[in-house]
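A short worksheet on the structure shown next.
Side chains included, hydrogens not; waters and symmetry mates left out as well; all remaining heavy atoms used. Below, read A as the first sequence line, B as the second, and so on, with proteins coming before strands; counting in each chain starts at 1.
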Protein chains: 2
Amino acid sequence: MSEDLPPWEKAREEFVAQWGSLGTQWGINRTMAMIHALLMTSPRPMNTDEVMERLQISRGNAHTNLKELVSWNLVRMAPKKGERREYFEAEKDIWKIFVTISRERKRREIEPAIQLLRDCALRTRDEPNGPGRDFHQQMRDLEEFLSFGVKVADTVVSMKHASALQWAMRLLG
Amino acid sequence: MSEDLPPWEKAREEFVAQWGSLGTQWGINRTMAMIHALLMTSPRPMNTDEVMERLQISRGNAHTNLKELVSWNLVRMAPKKGERREYFEAEKDIWKIFVTISRERKRREIEPAIQLLRDCALRTRDEPNGPGRDFHQQMRDLEEFLSFGVKVADTVVSMKHASALQWAMRLLG
DNA sequence: TCATATTTTCAATTAAAACTGAAAATTCCG
DNA sequence: CGGAATTTTCAGTTTTAATTGAAAATATGA
């Protein structure tokens with residue numbers, strides 16, 4: 001499978017495999033993380049068959065996860081002139097990747113949580129005292145923290161890489 | 001199961017259940033997230049049997065996930081005088097929760113990734129040009145970004161809540 | 001020490017998620 | 001229109017993760 005690869009490709013294989021394992025800890029499915037790693041380190045766009053071949057996975061699996069990556073805006077389709085089938089390429093700029101992932105996680109994970117906390121706070125707003133009141137306050141505190149975090153993240157994410165860097169450097173001392 | 005609860009407890013049940021679902025998206029197992037939600041909103045420490053009863057789960061499951069939460073430092077044991085069995089309580093301060101989760105995720109998820117990237121960069125440091133060189137550079141860029149992120153996070157996390165707030169406010173305008 | 005309360009472990013089971021492969025649908029072009 | 005190339009779907013299967021429940025281990029204190 002990997003007997004005649006140039007030396008850097010060996011390191012790449014290691015990277016792809018390990019990135020897959022790490023991904024599972026982040027709640028990302030292994031194949032999706034591996035395809036992402038593969039495309040991030042690919043010198044040129046790849047098509048579905050190349051991905052299947054390289055990772056030894058089925059067409060359905062490759063297809064599903066490629067589309068999932070596209071829906072995360074981490075991968076885009078790269079049409080090739082005179083080629084009918086679809087080629088895919090990943091964003092390689094780490095700042096852009098960071099911005100994209102932040103946006104998606106906010107939308108998919110943080111905002112629903114904020115919604116839940118608001119709902120729970122609302123439902124207990126008339127609790128006069130005791131545990132009910134504490135619960136209400138806890139919901140508000142959590143909601144406030146997440147909302148504030150979102151604001152900070154929005155600000156950072158809207159910056160250019162260089163500005164964000166400069167700003168962070170100032171924080172560091 | 002929940003027919004005679006005071007009104008705020010209804011909201012709490014909703015919170016616990018939903019927090020469990022949200023947890024799965026974060027790669028956290030549902031039961032662990034639910035126990036955490038339950039303890040975060042508990043007026044007092046709870047023992048294993050109370051958790052089992054409340055969430056309708058087995059002893060083994062309750063035990064495993066309580067210990068896992070303790071290992072994350074999100075829950076601590078709260079010995080009760082004159083009581084032999086163990087009581088558990090969760091940290092309720094959102095800033096402390098944030099700091100704890102940041103530390104743990106760094107240790108468990110970011111640092112292994114940095115290690116992998118360093119390793120891959122090292123293995124390709126002699127690549128002269130072309131794709132091998134690009135791969136090497138990509139590994140270094142990713143590593144640098146994560147390491148820098150860790151530094152920023154370390155700084156923020158070492159601050160008092162009020163200082164962090166003040167600092168973030170300045171960023172927001 | 002012995003009986004009892006409690007915690008811990010773990011083999012077996014169940015549930016959830018991921019994956020396959022082939023059929024169906026779609027697209028493209030002569 | 002055909003029909004070949006390609007993408008998409010999805011029922012069935014496999015793999016992985018979570019959960020149960022009871023036995024084993026440990027702690028307590030009479």
Side-chain angles (χ1 to χ4, degrees), chain A residues 1 16-39 45-72 75-89 108-109, chain B residues 1 16-39 45-72 75-89 108-109:
Chain A
M1 194 211 303
V16 169
Q18 292 296 124
W19 202 252
S21 308
L22 287 169
T24 59
Q25 293 184 288
W26 277 82
I28 290 160
N29 108 13
R30 176 186 245 81
T31 304
M32 184 169 149
M34 287 173 81
I35 296 180
H36 188 222
L38 187 66
L39 290 177
M46 297 176 76
N47 62 41
T48 306
D49 291 77
E50 288 168 341
V51 171
M52 286 167 62
E53 155 72 18
R54 188 72 183 238
L55 300 181
Q56 296 290 297
I57 59 177
S58 72
R59 182 171 306 281
N61 196 8
H63 175 81
T64 306
N65 284 291
L66 279 165
K67 286 302 154 101
E68 186 68 5
L69 282 164
V70 169
S71 91
W72 271 77
V75 166
R76 56 181 161 270
M77 281 156 65
K80 265 200 180 177
K81 57 183 184 305
E83 267 270 26
R84 178 154 151 215
R85 66 191 146 166
E86 300 173 323
Y87 279 75
F88 300 89
E89 71 182 349
R108 297 172 188 232
E109 296 163 9
Chain B
M1 192 212 303
V16 169
Q18 291 295 125
W19 202 252
S21 307
L22 287 169
T24 59
Q25 294 185 286
W26 277 81
I28 291 160
N29 108 13
R30 177 185 245 81
T31 305
M32 184 168 149
M34 286 173 82
I35 296 179
H36 187 222
L38 187 67
L39 290 177
M46 296 175 77
N47 62 40
T48 305
D49 291 77
E50 288 167 340
V51 170
M52 287 167 61
E53 154 72 19
R54 187 70 184 238
L55 302 181
Q56 295 291 298
I57 59 176
S58 73
R59 180 171 307 282
N61 196 8
H63 176 79
T64 306
N65 284 291
L66 279 165
K67 285 302 153 102
E68 186 68 6
L69 282 164
V70 169
S71 91
W72 272 77
V75 165
R76 58 183 157 267
M77 280 156 65
K80 266 198 179 177
K81 57 183 183 305
E83 268 269 27
R84 180 156 150 210
R85 67 192 145 164
E86 299 173 322
Y87 279 75
F88 299 89
E89 71 184 348
R108 297 172 188 232
E109 295 164 10

Measure the OG1-CG distance between B:T64 and B:L69 for me, rounded to the nearest 0.5 Å.
11.0 Å

In whole angstrom, what separates A:N47's CG from D:dT8's P?
13 Å

Please give, in whole Å, the distance from C:dA5 P to B:K80 NZ?
19 Å

Rounded to the nearest angstrom, tell me the gap between atom CD in B:E53 and atom C1' in D:dT20.
17 Å

Please report the closest heavy-atom contact between A:E89 and A:P45, naming both atoms and the distance.
OE1-CG, 3.9 Å

Between the protein and nucleotides 11-15 of chain D, list the N/O to N/O atom pairs that are separated by less than 3.5 angstrom.
none

Please list, chain by chain and in numerical order, all residues satisfying side chain to side chain contact (heavy atoms under 4.5 Å, CB included) with A:E68, sequence neighbours excluded.
A:M32, A:S71, A:W72, A:R108

For the residue pair B:T24 and B:R30, what are the closest heavy atoms and their distance?
CG2-NH1, 3.3 Å

Relative orientation of the end axes in the helix from C:dT1-D:dA30 to C:dG30-D:dC1, expressed as an angle to the nearest 10° (five pairs per end)
20°

Using a 4.0 Å heavy-atom cut-off to protein, can you give one letter per nucleotide of nucleotides 19-30 of chain C, 5' to 3': B if the base is in contact, S if only the sugar-phosphate is, - if neither?
SBB-----BS--

Distance in angstrom units between B:Q25 CD and C:dA17 C1', rounded
14 Å

Rounded to the nearest Å, what distance is computed from the CD1 atom of residue A:I35 to the P atom of nucleotide C:dA18?
13 Å

To the nearest angstrom, how far is B:D49 atom CG from D:dT20 atom P?
14 Å

Shortest non-hydrogen pair, B:A33 vs B:W19, comes out as O-CD1, 3.6 Å

Atom CG of B:L55 and atom C1' of D:dT19: how far apart are they, to the nearest Å?
13 Å

Listed partners of A:T48 passing side chain to side chain contact (heavy atoms under 4.5 Å, CB included), at least two apart:
A:M52, A:R59, A:A62, A:L66, A:F88

Does B:N65 reach the main-chain N or O of B:N61 with its side chain, forming a donor-acceptor pair under 3.5 Å?
yes

Name the atoms and distances for all side-chain donor-acceptor pairs under 3.5 Å in residues 77-85 of chain B, with sequence neighbours left out.
residue: B:E83; atom: OE2; partner: B:Y87; partner atom: OH; Å: 3.0

Below the 4.0 Å mark, does D:dT7 have OP1 or OP2 next to a side-chain nitrogen or oxygen of A:H63?
no

Which pair of heavy atoms, one from B:R54 and one from B:L38, lies closest together, and at what distance?
CG-CD1, 3.7 Å

A:R76 vs A:V70 side-chain heavy atoms within contact, under 4.5 Å:
no

Euclidean distance, atom CZ of residue B:R85 to atom C1' of D:dT26 [Å, nearest integer]:
17 Å

So how far is it from B:I57 CD1 to B:L55 CG, rounded to the nearest 0.5 Å?
5.0 Å

